[in-house]
Asks: 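Handing you a structure now.
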There are 2 protein chains.
Amino acid sequence: MCGALTPEELTRLAAHTRKSHVDAGNELAGEATPVDSYANVMKGVVKLTKGLDDGRQQVVGLQFAPDLLGRLFAREHPTSAEAATDVELCVVPRPALEQLIATTPAMEHRLMQQALRELDDARDWMVTLGRKTATEKIATFLVLIADHSQPGHASGAARSFELPLSRSDIADFLGLTIETVSRQITRLRGLGVIHLSGTRQVDVPDMDRLRAMAG
Amino acid sequence: MCGALTPEELTRLAAHTRKSHVDAGNELAGEATPVDSYANVMKGVVKLTKGLDDGRQQVVGLQFAPDLLGRLFAREHPTSAEAATDVELCVVPRPALEQLIATTPAMEHRLMQQALRELDDARDWMVTLGRKTATEKIATFLVLIADHSQPGHASGAARSFELPLSRSDIADFLGLTIETVSRQITRLRGLGVIHLSGTRQVDVPDMDRLRAMAG
DNA sequence: CGTTTATTTGACGCGGTTCAATCAGTGTGG
DNA sequence: CCACACTGATTGAACCGCGTCAAATAAACG
C-alpha cells in the first residue's frame with residue numbers, strides 16, 4: 001500500500017501516513033496556501049491550476065498515481081490542487097516526509113527524478129500551449145490521457161479510455177474555451193479519428209492516426 | 001569563479017571544469033542529443049527551445065547565471081540550448097558532476113531546488129501562454145527580464161535594461177508572431193509604459209504600471 | 001418526470017496571423 | 001566616405017481561427 005516506494009522507505013513512512021479519499025471537484029490545497037502535508041496519489045487524477053485575478057484559469061499539470069503531491073521545500077503551494085476525478089491519497093505530514101528526505105539521499109534522488117520528469121512534461125506542454133492549433137491541442141491531450149490509461153501498449157493499436165476531465169477542465173488545460181474544445185472533439189469524431197460513447201468514453205481505432213494529428 | 005557553489009563543492013569540481021565563451025546565436029546542445037557534459041551559466045542568457053516537425057518553435061525557458069545547464073540523469077537533452085546573448089560557461093564533464101552529486105547529498109539538494117524553481121517558472125509561463133493576451137504577454141516578458149537584470153530593486157521604481165532576445169526569440173517565447181510582438185511593444189511605447197532607445201534598450205519609468213499590464 | 005447542469009451547436013465579431021512592403025541598422029567593397 | 005546589400009524591425013491591409021454571446025440538446029440528479 002501507499003505504493004511507489006522501496007520496502008525500506010515504506011517502513012519508515014508507514015507510521016505517519018494516512019489514507020484519504022477525496023471526491024471529484026474537491027480542493028486539496030489552495031494556491032498560495034501553507035504546505036503542511038504531502039500526499040501520494042494512489043488512484044485517480046489531480047489537476048494543478050493557477051488563476052489570474054480576473055478569474056481566468058490555467059491547468060498547469062495533471063498528477064496521476066504514483067505522483068507525489070505538494071511543493072517540496074517551499075512555504076506555500078505555488079498552485080492549487082483539485083481532485084479531477086475521485087481520488088485515493090496517501091497523506092504524509094510535512095515534517096515526517098522532510099525528515100525522511102533529509103536522512104535518505106536515495107529518497108531525495110527519487111523525488112528529484114519526479115521533479116525533472118514534471119519539468120520535461122511542463123515544457124512539452126508549453127509547446128502545445130504556445131504553438132499548436134486547437135485541433136492539435138485536443139489530439140495532444142487525448143494522446144496524453146491514452147498513454148496514462150494503460151501504459152505499455154503497442155504503437156498503432158486501438159485504445160479505449162475514459163476522460164478524467166470535464167470539457168471545462170480540458171479547456172483550461174489547453175488554453176481554449178469550452179466551445180472550441182467541444183467543436184474540435186466533434187471534428188475529430190467526424191473525421192473518424194475517435195468515437196464517443198456518451199460524453200467521456202473515448203475510442204481510438206488507430207492511435208498513430210491520432211498521434212499524427214497532434215503535431 | 002564558477003560561482004554559486006560552496007567552497008567545498010568548488011574544490012572538488014575545480015579540477016574538472018573548463019571555462020568557455022560562446023557567441024550569441026550558437027547552439028550549445030541539440031534537442032534529443034546525448035548529454036555528455038553540464039555547464040554553469042556564468043554570464044549571459046541561454047534559451048531552451050523545442051521544435052515541431054514543421055518548423056514551429058517554442059522557447060521553453062531562459063537560463064541566467066548561475067543556473068546549471070543540462071538535463072540531469074537523462075541520456076538525451078529534452079530541449080536544445082542556444083546562446084541568446086554572448087555567454088560565459090563553466091563546463092563540467094558528465095561523469096565528474098554525476099559523481100559529485102552521488103557522493104554529496106547537499107549538492108543534489110541544491111540542484112533539486114533549482115529544478116523545483118524551474119518547474120514553478122515553467123508553470124507560471126504556462127499561464128502566460130495559455131491565458132494571457134498579446135499585450136499582457138509582452139508586459140509579462142518585460143517584467144521577467146527587468147527582474148533578472150538587477151535583482152533586489154524597489155517595487156515601483158524605474159528600471160532600465162537591455163533585451164537579451166531578438167524579436168523573433170521573444171515571439172517564440174510568447175507563442176506569438178514577430179509582427180504581433182513588434183506591434184504590442186509599439187503599443188506599450190505609445191501608452192508611455194516603456195521608452196525605447198534603439199531596438200533593445202528599454203526604459204520603464206514605473207515598474208508597477210508595467211506589472212499592472214501583465215495580468 | 002421535472003429541474004439543474006454539462007455539452008453541443010449556431011451566428012457573429014475580434015485579436016492575432018499572414019502576406020507584403022517599408023524602414024532602420026550594420027557591414028562591405030568600390 | 002558613400003552606394004550597396006543584407007538582416008532585423010516596423011507598419012499596413014486583408015484574412016481567418018478562435019472567442020463571444022445565445023440558444024438548443026443531452027446528461028445527471030433528485
Side-chain angles (χ1 to χ4, degrees), chain A residues 23-25 47 52 54-58 82 84-86 128-142 162-191 194-202 213 215, chain B residues 23-25 47 52 54-58 82 84-86 128-142 162-191 194-202 213 215:
Chain A
D23 287 335
K47 61 182 215 272
L52 259 31
D54 60 4
R56 283 176 286 180
Q57 278 225 332
Q58 176 70 40
E82 188 180 319
T85 65
D86 287 4
T128 300
L129 289 174
R131 287 304 184 201
K132 291 188 184 177
T133 66
T135 308
E136 288 170 338
K137 284 180 177 179
I138 294 290
T140 303
F141 170 72
L142 292 174
E162 188 181 348
L163 294 178
L165 265 56
S166 69
R167 297 292 187 267
S168 172
D169 286 341
I170 298 173
D172 284 344
F173 194 24
L174 294 170
L176 299 170
T177 59
I178 336 176
E179 295 93 328
T180 299
V181 168
S182 178
R183 277 187 252 270
Q184 298 305 330
I185 288 179
T186 301
R187 176 150 176 270
L188 288 181
R189 197 189 44 189
L191 292 170
I194 60 174
H195 297 258
L196 296 183
S197 315
T199 170
R200 285 188 175 216
Q201 190 61 35
V202 179
M213 305 220 43
Chain B
D23 287 336
K47 62 182 214 270
L52 258 32
D54 61 3
R56 283 175 285 178
Q57 280 225 330
Q58 175 70 40
E82 187 180 320
T85 65
D86 287 3
T128 300
L129 289 173
R131 287 304 183 200
K132 291 188 184 177
T133 65
T135 308
E136 289 170 338
K137 285 180 177 180
I138 294 290
T140 304
F141 170 72
L142 291 175
E162 188 181 349
L163 294 178
L165 266 56
S166 68
R167 297 293 187 267
S168 172
D169 287 340
I170 298 173
D172 284 344
F173 193 26
L174 294 171
L176 299 169
T177 59
I178 335 176
E179 295 92 330
T180 300
V181 169
S182 179
R183 277 187 252 269
Q184 299 303 331
I185 289 180
T186 300
R187 175 149 177 272
L188 288 181
R189 196 189 45 187
L191 292 171
I194 59 173
H195 296 258
L196 295 183
S197 314
T199 171
R200 285 186 174 221
Q201 190 63 33
V202 179
M213 306 219 43

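Each chain gets a letter, A, B and so on, in the order its sequence line appears, and its residues count up from 1.
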Asks: If you round to the nearest 0.5 Å, how far is CD of B:Gln184 from CZ of B:Arg189?
Replies: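 Answer rounded to 0.5 Å: 12.5 Å.
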
Asks: What integer distance in Å separates B:Gln201:CD from D:dA9:P?
Replies: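 Those two atoms, CD and P, are 15 Å apart.
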
Asks: How long is the line joining NZ of A:Lys137 and P of D:dG17, in whole Å?
Replies: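 Rounded to whole Å, this separation is 15 Å.
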
Asks: Quick one: pull up CD1 in B:Ile170 and CG in B:Leu165 and give me the separation to the nearest 0.5 Å.
Replies: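 Nearest 0.5 Å value for the CD1-CG distance: 6.0 Å.
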
Asks: Between P on D:dC18 and CG on A:Leu129, what's the gap in Å once rounded to a whole number?
Replies: 14 Å

Asks: Looking at C:dT17, I'd like to know if its phosphate oxygens (OP1 or OP2) sit under 4.0 Å from a side-chain N or O belonging to B:Thr177.
Replies: yes

Asks: With a 4.0 Å cut-off, would you call A:Arg131 and B:Asp172 a salt bridge?
Replies: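 Yes, charged N to carboxylate O under 4.0 Å.
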
Asks: Provide, to the nearest angstrom, the distance between the CZ atom belonging to A:Arg56 and the P atom belonging to D:dG19.
Replies: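 Answer to the nearest Å: 13 Å.
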
Asks: Let me test you: for the helix from C:dC1-D:dG30 to C:dG30-D:dC1, what is the angle between the axes at its two ends (five pairs each), rounded to 10 degrees?
Replies: 30°

Asks: By nearest nucleotide on DNA chain C, pick out whichever of A:Arg200 and A:Arg131 is the more 5' one.
Replies: A:Arg200

Asks: How about B:Val202 and B:His195: do any of their side-chain heavy atoms sit closer than 4.5 Å?
Replies: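 No, too far: nothing below the 4.5 Å cut-off.
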
Asks: Are the side chains of A:Leu188 and A:Ile185 in contact, using a 4.5 Å heavy-atom criterion?
Replies: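 Result no, sub-4.5 Å side-chain heavy-atom pair not found.
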
Asks: Would you mind reporting whether A:Arg187 and A:Ile138 have side-chain heavy atoms less than 4.5 Å apart?
Replies: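 Heavy-atom side-chain distance check fails, nothing below 4.5 Å.
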
Asks: About how many Å separate OG1 of A:Thr128 and CD of B:Gln58, when rounded to the nearest 0.5 Å?
Replies: 9.5 Å

Asks: Is a salt bridge present between A:Glu162 and A:Arg200, judged by a nitrogen-to-oxygen distance below 4.0 Å?
Replies: no

Asks: Would a 4.5 Å heavy-atom cut-off, applied to side chains only, mark A:Phe141 and A:Leu163 as touching?
Replies: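 Yes, their side chains come closer than 4.5 Å.
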
Asks: Among residues 178-190 of chain B, which residues get a heavy atom nearer than 4.0 Å to DNA chain D?
Replies: B:Glu179, B:Ser182, B:Arg183, B:Thr186

Asks: For the pair made of CG in B:Leu196 and P in D:dT10, what is the distance, rounded to whole Å?
Replies: 7 Å

Asks: Figure out the CZ/P separation between B:Arg167 and C:dC23, and round it to whole Å.
Replies: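 Rounded to the whole Å, the gap is 19 Å.
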
Asks: For a 4.5 angstrom cut-off between non-hydrogen side-chain atoms, does B:Leu174 reach B:Lys132?
Replies: no

Asks: Is the shortest side-chain heavy-atom distance between A:Gln201 and A:Leu196 below 4.5 Å?
Replies: no

Asks: Could you give the CD1-to-P distance, from A:Ile138 to C:dT7, as a whole number of Å?
Replies: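 Spelled out: CD1 on A:Ile138 to P on C:dT7 is 12 Å.
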
Asks: What string of B, S and - do you get for nucleotides 25-30 of chain D, 5' to 3', when a contact is any protein heavy atom under 4.0 Å?
Replies: ------

Asks: Starting from P on C:dT7, measure out to CG on A:Leu163 and report it in whole angstrom.
Replies: 10 Å

